Each structure stands twice: as structure tokens, then as C-alpha cells.
Amino acid sequence: MANWVTGKVTDITNWTDSLFSIKIQAPIEKFTAGQFAKLALEVAGERIQRAYSYVNAPDDNNLEFYLVTVPEGKLSPRLATLNAGDEVLVTEQAAGFFVLDEIPDCQTLWMLSTGTAIGPYLSILQQGADLERFENIVLVHAVRWGKDLSYLPMMQALVKKFQGKLRIQTIVSREKWSDSLMGRIPTLIENGELESAVGLPMQAKNSHVMLCGNPQMVRDTQQLLKEQRDMAKHLRRKPGHITSEQYW
Ligand SMILES: Cc1cc2nc3c(=O)[nH]c(=O)nc-3n(C[C@H](O)[C@H](O)[C@H](O)COP(=O)(O)OP(=O)(O)OC[C@H]3O[C@@H](n4cnc5c(N)ncnc54)[C@H](O)[C@@H]3O)c2cc1C
Ligand SMILES: NC(=O)c1ccc[n+]([C@@H]2O[C@H](COP(=O)([O-])OP(=O)(O)OC[C@H]3O[C@@H](n4cnc5c(N)ncnc54)[C@H](OP(=O)(O)O)[C@@H]3O)[C@@H](O)[C@H]2O)c1
């Protein structure tokens, strides 16, 4: 059973009509970058709870979550109406294995995300620990529209901070957008456009691929990497090249 603590909303940023970030102060136990908490609201006597990845680094007490309002969803539209000063329940302990401790050493670490699933990577990169063992890190954010690239300024600041180790690539699927590829992650891997834009190969001998977000993207990309790049799912008992987390 999860322990719940009461958090106070300190800030809401509405990036678009459907994307928002929520900052919360809450007495949680320390989490590991890449993990998620559960947020909950009491609605008509029922506690509605869902998982949300931390965006902030574990050392930062301003807990931050990046959300999309799922139309007809039970919780996300309610979280979208919160204001600074409102209360929200947060699990005291974080959960999840989408963390660097689970990733083997490699030359190039690919961090691929769709939509709000850029969050865990931003937490890992803002924390900045245990990254020496990768020569290159590539952060890829795939969204529908250019306006959905909410954290691009933070991504660009991280590129500066890492001085050559980190490369970023945005993908916009539904319109042409400057400095972005157009299409979907698996197609852009299959046709070589992603690697050519980034300037690094995605090969079993030198890469590990993290996948996060849309479950169909995760499944399709995994399948492609297995069939065309001879990559396998990474398990503790059987090391491989792919680590994933699905959001629904
Ligand atoms: C480990 C983990 C981490 C997560 N982290 C985040 C996060 O950082 N930010 C975030 O916004 N969400 C995140 N999610 C998704 C989140 O937990 C909820 O599923 C989401 O907010 C929808 O909840 P809801 O109650 O509004 O909709 P529900 O009433 O639960 O769902 C309605 C339907 O919408 C579909 N659905 C659920 N989520 C999405 C989605 N994001 N896009 C499209 N369809 C969806 C489901 O198929 C479901 O049947 C995470 C999920 C997991 C498992
Ligand atoms: N983003 C918005 O503007 C917006 C606005 C209102 C409501 N919503 C709601 O929010 C929810 C989540 O939307 P979202 O835009 O954050 O996430 P999303 O639907 O997962 O889309 C994010 C990115 O993932 C891509 N994608 C989807 N399926 C894929 C697959 N099988 N393989 C590879 N890539 C795939 C999308 O490409 P495609 O464009 O090709 O699908 C898009 O580039 C949805 O329920 C949506 O209705 C979103």
C-alpha cells in the first residue's frame, strides 16, 4: 500500500491548450531520476490516482510534472484545473526502473520520447550524475505540433551544460518545423534520417536505446530495432540494448 502525503501546488505553466506543467511542494522521500510518483485527487469520495514522471532532479525540492490533458480522462482534466495553493496527494515513495542504474555502459545512449515522456530524461540530465560512462547522449523529443516542444529551451540549455556530450533532436509529426525532422520515431530510424541528422549510428555494438511514452511507439520501435538492428530488450539476467517505459 502506498503512503500518501499532501502536496501544495506552487505553480502551473500552461504551455498549450492541452499541455501543462505542475510544480508541487510535498514531503516525499528522495527518488531516483527517471522514476515516477502517483498523484491523486479525491473526487466524490473516491481517490483517483495515476502515475506521473518527475521532471525535476532529485536534489531539487520543487517537484515538477509535465502533463497532457487526455480528453475524457478521469484524472488529467481535473489536474489541469488546479491552481497555485491547491492541494494534491503525492505518493511518499517513488517507483519505477526507468533509471540509469538499469542501463549498461555503452558509447551512445539514445533517449527517445513522445509527448510528455520527455520528463524522465530531463530529470536524469538535470541531475547529471553517472553520465561519464557514456561518450554520447542523444535526447529525442517527438511531438505532434511545433508548439508542443515545451521544454526545448531546457533541452538547449542542457546541450550547453554538457559541452559536446549531449545532442538533441526534435521530431514534429504533423507540420514542418525548423530544426526538426518530420515523421515518427520508428520510420525515421528505419530510413536512417534520425541517425543522419544526429550524426551518430544506432547499432547494437555501440548503443543503448531508451524508449518512453506512447505504447505503440515503444512496441513498433522495439520491433524494428530487433528485426533491423539485431538489438534485444535489456534484462538484468540477460543484457541487451533496449530499455522502455510505456505511459498507458
Ligand atoms: C510509469 C508512467 C509514467 C507516466 N508519466 C506521465 C507523465 O509524466 N505525464 C503524463 O501526462 N502522463 C503520464 N503517464 C500517464 C498517466 O498515468 C495517465 O494515464 C494519464 O494522465 C491519463 O489519465 P486519466 O485519468 O486522465 O485518463 P484515464 O481515464 O485513465 O484514461 C483514458 C484513456 O486514455 C488513454 N491514455 C492514457 N494516458 C494517455 C496519454 N498520455 N495519451 C493518450 N491516451 C492516453 C488510456 O488508453 C485510457 O484508456 C504515465 C503513466 C505511467 C504508467
Ligand atoms: N498534442 C496535442 O496537440 C493534443 C491536443 C489535444 C489533446 N491531445 C490529447 O493528448 C493525448 C496525448 O497526445 P500527445 O500529442 O501528447 O501524444 P501522442 O498522441 O502519443 O503523440 C506524440 C507523438 O508520438 C507520435 N506517435 C503516435 N503514435 C505513434 C506510433 N505508433 N509510433 C511512433 N510514433 C507515434 C505522434 O505522431 P502522429 O502525429 O503521427 O500521431 C506524435 O508525434 C491524446 O489523447 C490527444 O488526444 C493532444
Side-chain angles (χ1 to χ4, degrees), residues 2 12-24 31-43 46-56 63-82 88-91 94-99 102 112-124 140-151 169-177 180-191 193-194 209-225 243-248:
I12 302 272
T13 303
N14 289 300
W15 304 103
T16 66
D17 287 349
S18 59
L19 290 165
F20 62 102
S21 293
I22 181 165
K23 284 192 180 161
I24 297 170
F31 65 94
T32 303
Q35 286 192 305
F36 61 89
K38 282 189 176 172
L39 300 182
L41 292 174
E42 304 278 356
V43 181
E46 189 197 347
R47 183 171 295 177
I48 307 175
Q49 49 177 287
R50 298 285 184 268
Y52 296 100
S53 303
Y54 283 104
V55 174
N56 60 295
L63 310 183
E64 182 172 352
F65 303 92
Y66 179 41
L67 274 75
V68 65
T69 308
V70 175
E72 320 292 327
K74 258 184 141 180
L75 187 63
S76 57
R78 288 189 163 89
L79 292 172
T81 65
L82 291 176
V88 57
L89 294 166
V90 187
T91 44
F97 298 97
F98 201 66
V99 298
E102 302 291 332
L112 310 184
S113 64
T114 55
T116 55
I118 181 122
Y121 302 130
L122 295 176
S123 181
I124 290 169
V140 176
H141 192 198
V143 298
R144 292 181 179 187
W145 308 102
K147 66 177 167 50
D148 298 342
L149 294 168
S150 317
Y151 283 92
Q169 182 62 54
T170 52
I171 298 174
V172 176
S173 51
R174 301 192 182 188
E175 62 183 333
K176 280 200 176 148
W177 197 259
S180 293
L181 296 173
M182 197 171 172
R184 285 179 160 192
I185 288 173
T187 316
L188 293 166
I189 295 173
E190 190 171 19
N191 65 20
E193 276 189 58
L194 178 59
V209 182
M210 298 177 80
L211 300 169
C212 194
N214 186 302
Q216 198 56 51
M217 178 284 288
V218 171
R219 286 191 289 269
D220 291 354
T221 309
Q222 247 163 5
Q223 188 67 19
L224 176 83
L225 293 175
T243 302
S244 63
E245 181 162 82
Q246 300 186 6
Y247 268 14
W248 70 95

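Quantities reported herein were computed from a predicted structural model and do not represent experimental measurements. Every number for a ligand or one of its atoms is a count from 1 in the order of the listing.
- The closest approach between a heavy atom of Val143 and any atom of ligand 2 is below 4.0 Å.
- Within the set Glu72, Gln216, Glu175, Arg184, the minimum heavy-atom distance to atom 29 (C) of ligand 2 is found for Arg184.
- Residue contacts with ligand 2, taken as heavy atom pairs separated by less than 4.0 Å, involve Arg174 solely via side-chain atoms from C-beta onward.
- The shortest heavy-atom contact between Ile48 and Arg50 is CG2-NH1, 3.9 Å.
- Taking distance alone, with nitrogen or oxygen atoms compared against 3.5 Å, Pro71 stays at or beyond that limit from ligand 2.
- Considering every non-hydrogen atom in both Arg47 and Leu89, the closest pair reads NE-CD1, 3.5 Å.
- The main-chain N or O of Ala94 is never found under 3.5 Å from a side-chain atom of Tyr54 such that the two would form a donor-acceptor pair.
- Among Ser173, Gly183, Pro186, the residue whose heavy atom lies nearest to atom 42 (C) of ligand 2 is Ser173.
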How far apart are the C-alpha atoms of Thr114 and Arg184, what are their side-chain angles, what is the distance that settles it, and do they pass the side chain to side chain contact (heavy atoms under 4.5 Å, CB included) test? CA-CA 9 Å; Thr114 55; Arg184 285 179 160 192; over 6 Å; no

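- Residue contacts with ligand 2, taken as heavy atom pairs separated by less than 4.0 Å, do not involve Leu19 at all.
- For the pair Ser113 (side chain) and Val140 (backbone), a donor-acceptor distance under 3.5 Å is present.
- Closer than 4.0 angstrom to ligand 1 sit non-hydrogen atoms from Phe36, Arg50, Ala51, Tyr52, Ser53, Tyr66, Leu67, Val68, Val70, Gly73, Lys74, Leu75, Ser76, Pro77, Thr116, Glu245, Gln246, Tyr247, Trp248.
- Side-chain N or O atoms of Ser173 include none that pairs as donor or acceptor with a backbone N or O of Gly183 at under 3.5 Å.
- Proximity annotation for atom 44 (C) of ligand 2: of Met182, Arg144, Arg219, Lys147, Arg144 comes nearest, heavy atoms only.
- The distance criterion of under 3.5 Å between nitrogen or oxygen atoms is met by Asn214 with respect to ligand 2.
- Close N/O approach between Asp148 and ligand 2 is found [any backbone or side-chain N/O within under 3.5 Å].
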